[in-house]
Visitor: 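This structure is in C-alpha cells; I'll ask about it shortly.
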Amino acid sequence: MTLVNFNNRTRNTAPYFNNVFDSLFSDAITKNKAVDKSPNVNIHENETAYVIELAAPGLKKEDFQINLKKDTLSVWAEVKKDETQVAKDFTRKEFDYSSFARSFNLPDTADGDKITAEYKDGILSINISKKDDAKLQHKEIVVS
C-alpha cells in the first residue's frame with residue numbers, strides 16, 4: 001500500500017487553513033445558486049414532427065418565451081421571486097432571479113408555421129411539424 005499526498009502544499013502550512021480556503025472558493029464557484037445552468041433537453045423525431053422536451057420544473061407556462069427567427073428556435077425563461085419576512089426588530093428581504101436560454105437550429109424539413117408548445121409536469125414540450133414532402137411515407141415496393 002502506498003500513500004500519496006494529493007495536496008501539493010508545503011508542510012509548514014497548516015492543513016486546516018488550506019482546506020478552509022480551498023472549500024470556500026471551490027464551493028463559491030461550483031455551488032453558487034445564482035449561477036444558472038441550462039435545462040436538460042431531449043430531442044426526438046417521429047413520422048410527422050420533431051419534438052424538443054426541456055426539463056424546467058417549478059416554472060409556469062407564462063414564464064417561457066419561444067421565438068423563431070429564420071431557422072433558429074430560441075427558448076428562454078425568466079423568473080423573479082421577491083419574498084419579505086418581518087420579525088421583531090429586523091426585516092429580511094430575499095430576491096431570487098433565475099433565467100435560462102437555449103437555441104436550436106431547425107433542419108430544412110421543419111415547418112416553421114406549425115410549431116406548438118405545451119408545459120406540463122415540469123416539462124416544456126415543443127412540437128415542430130415536418131413539411132409535407134419530408135414526412136416519412138410508407139409504401140410497399142413489389143419485387144418483380
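These numbers come from a predicted model, not from an experiment.
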Visitor: Identify the two heavy atoms, one from E78 and one from S99, that lie closest to each other, and give their separation to 0.1 Å.
Guide: CA-CB, 4.1 Å
Visitor: Looking only at heavy atoms, which two atoms of A55 and I123 are closest? And how far apart?
Guide: CA-CD1, 4.0 Å
Visitor: Can you check side chain to side chain donor-acceptor pair (under 3.5 Å) on S74 and S103, steps first, answer last?
Guide: CA-CA 4 Å; S74 300; S103 293; 3.3 Å; yes
Visitor: Would a single hydrophobic cluster contain both V51 and F64, if residues Ile, Leu, Val, Met, Phe, Trp and Tyr are joined by side-chain heavy-atom contacts under 4.5 Å?
Guide: no
Visitor: Counting only heavy atoms from other residues, nucleotides and ligands, does the tally under 6.0 Å from CG of N67 exceed 12?
Guide: yes
Visitor: Working to the nearest 0.5 angstrom, can you tell me the gap between K130 NZ and D111 CG?
Guide: 12.0 Å
Visitor: Quick check: closest heavy atoms across S129 and A49, and the distance to 0.1 Å?
Guide: CA-CB, 4.0 Å
Visitor: According to a 4.5 Å side-chain heavy-atom criterion applied to Ile, Leu, Val, Met, Phe, Trp and Tyr, with indirect links allowed, do Y50 and I43 form part of one hydrophobic cluster?
Guide: yes
Visitor: Quick one: does any side-chain atom of Y119 pair with a main-chain N or O of A56 as donor and acceptor, under 3.5 Å?
Guide: yes
Visitor: Which heavy atom of P39 sits nearest a heavy atom of L54, and at what distance?
Guide: CG-CD2, 3.7 Å
Visitor: L59 and V79: side chain to side chain contact (heavy atoms under 4.5 Å, CB included), yes or no, with the steps?
Guide: CA-CA 8 Å; L59 300 177; V79 179; 2.9 Å; yes
Visitor: From D132 CG over to T109 OG1, what is the distance, rounded to the nearest 0.5 angstrom?
Guide: 12.0 Å
